[in-house]
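Below is one structure, written out as structure tokens; comments come after it.
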Amino acid sequence: MKNAEISRLFQEMADMLEFLGDNPFRIRAYRQAARVLADLETPIEDLARQGPNTLEGIPGIGPDLAAKIQEYLQSGKIAAHEELARKVPAGVLEVMRIPGVGPKTAQLLWSRLGVDSLAKLRAALESKRVLELPRFGEKKRLRLLENLALAQSATQRRPLGSVLWRVRELLAAIRGLPQVEQAECCGSVRRYKETVGDLDFLVATRQGEQVLARFTQLPGIADVEAVGENRATVFLEDGLQVDLKIVPPESWGSGLQYLTGSKAHSIRLRKLALEQGLKLNEYGVWKGEKRIAGRDEESVYAALGLPFIPPPLREDWGEIEAAQAGRLPKLVELKDIRGDLQVHSTWSDGKNTLLELAQAAKALGYAYLAVTDHSQSLRIAHGVRVQQMKQRIREIREINERTGAKPYLLAGAEVEILEDGSLDYPDEVLKELEIVLVAIHSHFGQDEKTETRRILKALENPYVHILSHPTCRLIGQRKGIEADWQKVFSRAKSLGKAVEIDGHYDRLDLPDVRARQAGEMGVMISLGSDAHQIDHLRFMDLAVGTAQRAWLGPLQILNTKSLEELLGWLEGVRES
DNA sequence: GCCGTTTTCGGCCCGACTGTTTTCAGTCG
């Protein structure tokens with residue numbers, strides 16, 4: 001799939017055109033096309049095969065860019081990209097990525113001081129030669145030096161789950177400030193996007209300046225980048241950027257909408273407003289000078305003739321059209337979840353005993369919990385040996401008796417899919433288990449055909465219920481395996497089996513786009529926290545958020561079923 | 001460069017903050 005490659009080339013072309021001072025709307029067109037390509041679920045080469053009209057049918061792709069995509073697919077390059085690369089020194093693009101350096105500054109630094117790398121930028125800043133440039137003073141010099149250091153340490157987007165505890169802490173601190181009427185964390189966190197670039201907090205208050213002054217003093221804040229009347233930008237000790245935006249209480253809803261984004265979604269809304277003779281900004285929906293909505297988010301959408309669109313859908317992935325047509329999905333919510341279908345105990349690599357897990361699950365109000373310890377060949381995780389299995393199942397039953405099966409522990413396993421697609425337990429063991437997950441933890445490097453065959457073989461074992469963390473990607477660390485997902489999902493569908501969204505913070509696997517594809521094909525989706533200790537059970541929240549981003553409703557999710565329904569489903573899989 | 005039940009040409013989302021200015025350019029979200 002070449003979508004990401006072409007998207008990156010268009011992005012670079014936009015950067016280079018910007019550096020050269022080209023038409024800003026042309027630049028925007030390249031960025032828009034880059035975004036659309038990156039979000040596309042279908043391989044662009046499949047669409048290209050259906051003829052030129054199909055490519056031009058993609059919003060944001062016109063005749064020119066369609067031709068460039070074809071050119072890349074045929075020749076592996078885009079002549080216009082190479083043409084631009086000849087005019088723009090390679091290192092200039094990374095200089096432009098330093099916060100505070102835009103195209104104009106980069107152009108100035110390059111043409112006057114020959115800056116075409118981060119090393120030369122540092123030298124120019126440290127030697128103070130930059131002060132010769134127009135609109136360049138000492139403050140700006142120091143700020144850029146600081147940003148350069150920060151950029152080189154921590155500007156990567158991080159997994160959502162790795163910042164959530166920080167979000168809760170900060171939100172509590174902000175809500176605790178005097179004069180704060182309402183506060184929320186917005187941005188990609190509120191949309192449950194799998195990675196987070198920065199944190200965006202919104203506060204409703206009439207005393208913005210006082211709130212901002214206190215906010216910048218909160219513990220853990222290492223550096224204050226900017227503070228005005230209405231917003232502040234700070235950095236935490238680990239380099240994470242945090243923005244806080246102030247709106248008056250009557251603008252709380254429009255402020256939420258604005259700060260939650262996504263940018264693409266907001267731009268669509270603003271255009272929609274203009275078409276209706278209205279204006280949308282963070283302070284409200286306006287008819288001339290008069291604010292006609294903004295107190296809450298529902299009113300903002302209503303003023304534009306739309307039902308409320310839940311934040312996880314706000315990506316311009318068709319949610320606005322669906323809203324206009326009255327076809328927004330009813331999304332699964334955390335409160336619909338009756339149990340967790342992937343957890344690990346001390347029988348393998350988990351930190352808590354079966355009993356502790358049962359008690360923690362009870363506190364969450366779960367009706368059931370599938371204990372899915374690793375199978376024997378996963379030595380690193382102390383996989384359960386065949387000869388231990390009888391004893392383990394006996395202990396699970398004992399605990400069910402002790403607790404009155406509240407919650408009911410299902411005897412399960414996360415069974416290794418071996419290199420050739422065979423499973424790590426013999427069928428005699430599998431059939432003793434009430435729920436069988438299968439997963440890949442090794443031999444990731446196989447080609448797409450081999451990997452697909454491997455997964456299908458595992459799925460076809462009659463005792464298997466669920467394909468766990470299917471792509472095996474680790475966010476920011478491992479790309480994941482190549483497989484023909486269309487084939488995998490279609491086989492899962494015909495076998496009546498489920499695929500999982502693993503909510504563990506570094507997995508979120510299936511990813512949103514793939515989960516949406518599976519859901520559209522009618523495959524049952526199972527949610528698991530993949531908890532290895534009791535406080536990881538809350539990763540279910542991330543699994544649900546990802547399911548929402550995949551447009552999934554409660555009926556498509558296996559663990560919204562009651563215990564009886566679930567047991568019936570599990571048996572049904574084996575009978576068919 | 002894209003797009004169009006107002007348009008095939010003339011538009012293209014909107015506002016805040018900083019630093020260096022003396023009214024605003026550049027950058028960012």
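In what follows, chains carry the letters A, B, and so on, assigned in the order in which the sequence lines appear, proteins first and then strands, with residues in each chain numbered from 1.
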Give A:Q107 one of three labels, base, sugar-phosphate or nothing, depending on what nucleic acid heavy atoms sit under 4.0 Å from its own. nothing
Classify A:P24 by what it touches in the nucleic acid, base, sugar-phosphate, or nothing, heavy-atom distance under 4.0 Å. nothing
Whether the A:Q517 and A:R514 side chains hold a donor-acceptor pair (N or O, under 3.5 Å, no angle test) is what I'd like checked. yes
Going by atom types alone, do A:E194 and A:T546 pair a side-chain donor with an acceptor below 3.5 Å? no
Rounded to whole angstrom units, what separation is found between the [atom1] atom of [X] and the [atom2] atom of [N]?
X	N	atom1	atom2	result
A:L202	B:dG15	CG	P	17 Å
A:K139	B:dG26	NZ	P	20 Å
A:F19	B:dT27	CZ	P	11 Å
A:R231	B:dT18	CZ	P	11 Å
A:L65	B:dC3	CG	C1'	13 Å
A:R291	B:dG15	CZ	C1'	15 Å
A:N53	B:dC2	CG	P	14 Å
A:E225	B:dT18	CD	P	9 Å

Using only side-chain N and O atoms of A:T233, determine if any of them is under 4.0 Å from OP1 or OP2 of B:dC17. no
Using the ring of each side chain (for Trp, its six-membered ring), is A:Y30 parallel, tilted or perpendicular to A:F10, with breaks at 30° and 60°? perpendicular
On the 0 to 90° scale, with breaks at 30° and 60°, tag the A:F539-A:Y505 ring pair as parallel, tilted or perpendicular.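 Tilted, since the angle between the ring planes falls between 30° and 60°.
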Side chain of [X] only, please: which of [options] is the nearest?
X	options	value
A:R26	B:dG1, B:dC24, B:dC17	B:dG1
A:D243	B:dC2, B:dT20, B:dG29	B:dG29
A:R135	B:dG1, B:dT27, B:dG19	B:dG19
A:N230	B:dA16, B:dG29, B:dG26	B:dA16
A:A29	B:dA25, B:dG1, B:dG29	B:dG1
A:A226	B:dC17, B:dG1, B:dG19	B:dC17
A:T105	B:dT27, B:dC24, B:dC2	B:dT27
A:K245	B:dA16, B:dT20, B:dC17	B:dA16

Cationic N near anionic O, under 4.0 Å, A:E315 to A:R516: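 Between A:R516 and A:E315 there is no salt bridge, as every charged N stays at least 4.0 Å from the carboxylate O atoms.
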Should A:E282 and A:S266 count as side-chain neighbours, where that means a heavy-atom distance under 4.5 Å?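 The answer is no; the side chains never approach within 4.5 Å.
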Side-chain polar contacts of residues 228-236 of chain A - donor-acceptor pairs under 3.5 angstrom, sequence neighbours left out - could you list them?
{"from": "A:T233", "atom 1": "OG1", "to": "A:D243", "atom 2": "OD1", "distance (Å)": "2.9"}

Polar atoms only, N or O, under 3.5 Å: list the protein pairs with nucleotides 7-14 of chain B and their distances.
{"from": "B:dC13", "atom 1": "OP1", "to": "A:R28", "atom 2": "NH1", "distance (Å)": "2.3"}
{"from": "B:dC13", "atom 1": "OP1", "to": "A:R28", "atom 2": "NH2", "distance (Å)": "3.2"}
{"from": "B:dC13", "atom 1": "O2", "to": "A:R270", "atom 2": "NH1", "distance (Å)": "2.7"}
{"from": "B:dC14", "atom 1": "O4'", "to": "A:R270", "atom 2": "NH1", "distance (Å)": "2.8"}

Contact list please: residues 308-327 of chain A against DNA chain B, heavy atoms, distance less than 4.0 Å, in numerical order.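 Within residues 308-327 of chain A, no residue comes under 4.0 Å of DNA chain B.
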Hey, can you pull the residues of residues 249-256 of chain A with a non-hydrogen atom under 4.0 angstrom from DNA chain B?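 Output list: empty, so none.
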Could you give the side-chain donor-acceptor pairs of residues 13-25 of chain A under 3.5 Å, partners two or more places apart or in another chain?
{"from": "A:D15", "atom 1": "OD1", "to": "A:R31", "atom 2": "NH1", "distance (Å)": "3.0"}
{"from": "A:D15", "atom 1": "OD1", "to": "A:R31", "atom 2": "NH2", "distance (Å)": "3.2"}
{"from": "A:E18", "atom 1": "OE1", "to": "A:R31", "atom 2": "NH2", "distance (Å)": "2.7"}
{"from": "A:D22", "atom 1": "OD1", "to": "A:R26", "atom 2": "NH1", "distance (Å)": "3.1"}
{"from": "A:D22", "atom 1": "OD2", "to": "A:R26", "atom 2": "NH1", "distance (Å)": "2.9"}
{"from": "A:N23", "atom 1": "OD1", "to": "A:F25", "atom 2": "N", "distance (Å)": "2.9"}

5'-most contact on DNA chain B (nearest-nucleotide basis), A:R97 vs A:E56, goes to A:E56
Side-chain donor-acceptor pairs under 3.5 Å in residues 200-208 of chain A, sequence neighbours left out?
{"from": "A:T205", "atom 1": "OG1", "to": "A:Q179", "atom 2": "O", "distance (Å)": "2.6"}
{"from": "A:T205", "atom 1": "OG1", "to": "A:Q207", "atom 2": "N", "distance (Å)": "2.9"}
{"from": "A:R206", "atom 1": "NH1", "to": "A:E250", "atom 2": "OE1", "distance (Å)": "3.3"}
{"from": "A:R206", "atom 1": "NH2", "to": "A:E250", "atom 2": "OE1", "distance (Å)": "2.8"}

